[in-house]
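Single-structure report; data block below.
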Amino acid sequence: MFTASILIQQIVYGLVIGSSYVLMAAGFSLIWGIMGVLNLAHGEFYMLGAYIAYYVSSLLGFNPIMSAIVAMAAMFFFGIAFERALLSPLYGRKGWEMSTVLITVGASILIQNLALVIFGEKYKGLPMYFEGELEIWKIVLSYDRLVVFLVGIFLIALLWYLLKYTRVGMAMRAVSQNQEGAYLTGINVHKIFYLAFGLSAAFAAAGGALLAPIYFVYPTVGAGPLLMAFAIVIFGGFGSVKGAIVAGFLLGVFESLVVLMVSSAWKDVFIFVLVIIVLTVRPRGLFGIQ
Amino acid sequence: MKGSLKSILLLGLFLLLSFFPFLFPDPYLIHLLILSFIFSVLVSNWNILFGYMGIFCFGQQAFFGIGAYSSALLALKLGVPVPLSIVFGGFVASLSSILIGLPTLRLQGAYVALVTLAFAEVMRMTCSNWVGMTRGQLGLTVTALIPGAGRVGYYYVAFLLLLLSTIVLLKVMRSSFGYVTVAIRESQEAADSLGINVIKYKISAFLLSSFMSGLAGALYAHYIRILTPDIMSLHLMITILVMGMLGGIGTLPGPILGTFVLTFLSEYLRDFAQFRFIIYGTLIILAVLFVPGGLVSGLRSVETKLKGKRCQEGSS
Amino acid sequence: MPILQGKGLTKAFGGVEAVSNLDFSIQERAIVGLIGPNGAGKTTLFNLVAGAFRPQSGRIRFLGEEIQGLKPFEICHRGIGRTFQIVKPFNTLTVLENAVIGARFGKSSKIFDSFDPTPIALDALEFVGLIKEKDLLCDNLNMGEKKRVELARVLATAPKVVLLDEVMAGLNPVETDRVMSLIQKMRDEKEITVFMIEHVMKAVMGISDQVFVMHHGEKIAEGLPEMVVKDQAVIEAYLGERII
Amino acid sequence: MYLLSADGLSCGYGHSQVLWDISFHVEEGGIVGIIGSNGAGKTTLLRTLSGLVPAQSGKIEFSGERIEHLSPHKIVERGLSQIPEGGGIFPYMTVLENLKLGAFLPWNWKRISQSLDLVFELFSTLEDRKNQMAGTLSGGERQMLGIGKGLMSSPKLLLIDEPSSGLAPKLVLRVFDNIKEIQKHNVTILLVEQNVQYCLNMASRAYVLENGRIVLEGTSEELIGHEHVRKAYLGI
């Protein structure tokens, strides 16, 4: 039916997509851990990132890496504005969790449909930027994909470094572990909230921007990655960036294999059923703290 | 005196709706009312879970769709008489709710939203992919409920369904079940300690809510007569959410009010069809920020203000 | 025969034993105080008795029957009521509705039941002195009133034993006196056995017939209040050993 | 002028008031104690001083400046640090990371290595365990880490909430020795304890908090022999 090299090829593709899922899920998980917010508009950050990269690339002729950087910078500020305008008025309110779920749903609908009006519903694709393919042991990988993969890995490492070693990154982790302790340490928790939100938006945008040259861009393109981010944080544990990295690559590969062995139409069904089963057995996720 | 005014208004409304097709035989208006009736049932019953019990159900569209598909398929493939198949649709939806209700019992807030949403997406994609049975995106042509009948027939069936649903909800919410739902929403622990079997009540709420939603879905399918998997799309859930929040969740009249207002509003905004969801999104955001209680709470506060004024006038 | 009895109760959280191999027994119609420093495991013990936690080992007997492992609502039906350290009133319901819930479900959790719980609920509100406030939403009450709502709610379930978790905490002296006499009245008029965690010593010493002292998950003393406070181990747990 | 003083402070959560008309002061240098049983409002008082709970009325003055309207991080910036019960540590970070975060404020961050040297000198155990996750420390070590973290912010005043809580008596003695040690580094300490004897042994002066009000104040010698103190704690 299929040979070992097709299998390996598919695994490699899975890793490429996985790197973009990780970018998406890490920020999603970060926000959940720090603010207790389930940001249902996170998929729209991905979509906006992809559009910005598309326009920057096609209008200004930037290469994909440069356009991804522009998209990240723009979405960093967008994320901050989002948090200030929509979430900060809700702090300390009764029913905080429900309010944030509802308001991010509202924002998601609004942004998605604004995009539909502004950008149109047509799928937009970019021509290949780096022509040619790399071939090792019958595994063929286009340079485009390779670049996406490498940049993705670099960004993940960057995020890891940020959280692990910088002052602000450490403060983010501190807020997620013990908010009151963070206040008493002199950390301006509200500032950490919006910085983390900006960071998470920037990384989601990077995920979208990097895949823009490989897949198409359209207004609802964020829905899939958002659902994937859900699945990833459930497997990796809510609030755990490390878990998101591991789970993101695993699910990317899992998805590729389902596509290969079953069909692409059923891949989401498989993943969601897996999610439901995992949550039923372990209500706080696979690696979550019980 | 005020109470009697309210019942007179309600009675008037009931009479108006009862004779509406004869008073205003405008097919388009009747069509809008049919849709309003059906969606009122759906939103009201979602409200049991979301508004009253505080269960973050984001998968109500699945019950609607499951009711629709099972009724349509029963009528189509097995030749079951349509009225019977609609009732079956309700039961199938109800059965499916156990499947999704059980996993949510041990989960909290956002996780519930996630699991129910995932469930609905699985159902939608299954219907979309199982082409042999459902014809996938091509859609099923559904048997008519009343062959040859015009809209007026459907109007009365939908009206009856809404009456039935409202009476059941009134009965249930005025009974001790109503207290239980609120008690569970406010503090599950306290409810448990006062002798309430929380799990039993949550499952019951799921069974009732999904049964009614399934009936509504089945009726919708046999009325519209074209059924695609999009019936279970997230868009429907969003619409439910907006209708509920607009009217006011956690109240009985809220969802019905919200549904009617939004159904008619979106028809009059037809020219702005592409802006419909932009308006929805904005409405949700504004509602969360400024009127968390929806139209009903707005009306109530106006009412108390008027009342307060009257008291003041009386005393002075 | 004691009405409520625990034997060898143990409950650990992540390796730390919050309650460890604890025995206790409570006589019918007694008021028993449970004291001990913060983190001694008192609330965990209540949660074990009330069914919120399942003990890892040990047995709890109530009226001669074993009840460990039953669900909280089943324990309530058997006749053990409780209040919470952090009050949990149903805020969007009225005071009366809060009590009605206790009356309606205290003995059975059937969905359809035709009896009218309102008189029982009114009775309970009368008892705790909240009859005037019956139509107010709980949200609008002060802490003292909220605590009394919780008491009324529990009383409406017609319990034989109530577990009171720091009902006096956060009350001013007037309210404290009021709740103290309420607890005595519960025992004297309603024949309810009271087991209470309390930090307000005036209350513990003033109304309890017997006191248990817990420290590090174990019972370190029990007896008459005036005896317990002279116990060396208790003084150490509270006052600390003499340092210098 | 006092380092910290509160005048007519009242506060609470929502509809329930916890503190009524609290007035007290802490002079520079030395240790002042606040004694109170569980639920007396000690922790709420500290949370109010740190800006975590808004004061409903009254004023708080620190180093000659009104601080009751400031947000928590601004208060830490001014040199008032609190070590909450349990140490306020970050369980999934290493001991070293916790200490570094103690020096989060920019001017402290710059001299992080000097502060670290001082803390490791005081608590050699922490240096041995610097790469261990804070959540895996024992109760006594956590308390030490909490104090070390507080020191890293180079505070003028350190509020310590129940350092003895959950510790075996032997460990309590060690923790208190540490606190005395800190005092030598120009840090004033406000110690809050439910354990009367421990507290009065440490502090030169103390206040007794009951049901949200200060009912007694005096030097430790006065209080230790006071009839009411024994009564309030054991109800004799």
Side-chain angles (χ1 to χ4, degrees), chain A residues 32 36-38 40-41 85-86 89-90 93-117 121 220 223 226-227 230-231 233-234 238 262-285 288, chain B residues 50-51 54 56 58 99-100 102-126 128-131 136-137 185 233-235 237-239 241-242 244-245 249-250 272 274-290 292:
Chain A
W32 171 263
V37 169
L38 196 68
L40 291 164
L86 300 184
L90 304 177
R93 263 215 207 162
K94 263 188 197 169
W96 150 263
E97 195 182 16
M98 171 133 126
S99 306
T100 55
V101 167
L102 289 174
I103 208 159
T104 55
V105 166
S108 159
I109 301 164
L110 178 62
I111 298 172
Q112 207 177 87
N113 289 284
L114 276 176
L116 197 65
V117 171
E121 59 187 320
T220 53
L226 174 71
L227 292 169
F230 269 142
V233 293
I234 282 172
F238 264 95
V262 189
S263 83
S264 69
W266 289 96
K267 68 174 204 248
D268 290 347
V269 175
F270 272 77
I271 287 163
F272 288 142
V273 169
L274 215 59
V275 164
I276 295 174
I277 291 171
V278 167
L279 272 186
T280 309
V281 184
R282 290 184 67 90
R284 294 204 166 271
Chain B
F50 193 91
F56 278 24
F58 272 68
L99 212 65
I100 197 56
L102 282 177
T104 62
L105 289 176
R106 285 171 64 206
L107 299 175
Q108 299 282 324
Y111 294 91
V112 176
L114 198 53
V115 164
T116 48
L117 183 63
F119 169 74
E121 282 293 286
V122 168
M123 287 299 147
R124 182 183 64 81
M125 290 184 286
T126 306
S128 171
N129 292 335
W130 195 3
V131 179
Q137 286 297 339
R185 182 183 70 204
S233 75
L234 198 53
H235 274 176
M237 188 59 234
I238 290 164
T239 311
L241 196 68
V242 179
M245 286 186 58
I249 49 181
F272 309 98
Q274 55 174 344
F275 295 111
R276 180 191 291 185
F277 280 93
I278 295 177
I279 295 167
Y280 283 9
T282 315
L283 277 178
I284 296 180
I285 292 172
L286 293 179
V288 174
L289 287 178
F290 304 112

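Because only heavy atoms are used, hydrogens play no part in the values below, and waters and symmetry mates are left out as well, while side chains stay in. Here is how names work: the chains are called A, B, and so on, in the same order as the sequence lines, proteins then strands, and each is numbered from 1.
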Side-chain heavy atoms of B:L117 within contact of A:L227, under 4.5 Å: yes
Residues B:W130 and A:W266: closest non-hydrogen pair is N-CZ2, 4.4 Å
* A:E121 atom CD: more than 12 heavy-atom contacts under 6.0 Å -> no
Of the listed A:L90, A:L114, A:T100, the one with the largest count of heavy-atom pairs under 4.5 Å with chain B is A:L114
To the nearest 0.5 Å, atom CE of B:M245 lies from atom CG of A:L102 at 4.5 Å
Residues at least two apart in sequence or cross-chain that pass side chain to side chain contact (heavy atoms under 4.5 Å, CB included) with A:I277, listed by chain then number, are A:V273, A:V281
message: Quick one, B:F58 with A:V101, criterion side-chain contact (heavy atoms from CB on, under 4.5 Å). Give me CA distance, side-chain angles, the key distance, then yes/no.
response: CA-CA 11 Å; B:F58 272 68; A:V101 167; 3.6 Å; yes
If one checks every heavy atom of B:F119 against chain A at 4.5 Å, the contacting part turns out to be both
Here the gap from B:T116 atom OG1 to A:I276 atom CD1, rounded to the nearest 0.5 Å, amounts to 9.0 Å
Counting heavy-atom pairs under 4.5 Å with chain A, the top scorer among B:L289, B:T282, B:V115 is B:L289
Most contact-rich option vs chain A, by heavy-atom pairs under 4.5 angstrom, among B:L283, B:L234, B:I279, B:V288, is B:V288
Cut-off 4.5 Å, heavy atoms of chain A, and the answer for B:L241 is side chain
Honestly, the part of B:T126 sitting under 4.5 Å from a heavy atom of chain A is both
When rounded to the nearest 0.5 Å, the distance separating CG of A:N113 from NE2 of B:H235 is 6.0 Å
Contacts of A:S108 meeting side-chain hydrogen bond (donor to acceptor under 3.5 Å, both in side chains) (sequence neighbours excluded), chain-then-number -> A:E44
Honestly, the part of B:I249 sitting under 4.5 Å from a heavy atom of chain A is side chain
Turns out that what part of B:F277 lies under 4.5 Å from chain A's heavy atoms comes down to both
Checked B:N129, B:L102, B:V122, B:I100 vs chain A; the most non-hydrogen pairs under 4.5 Å come from B:N129
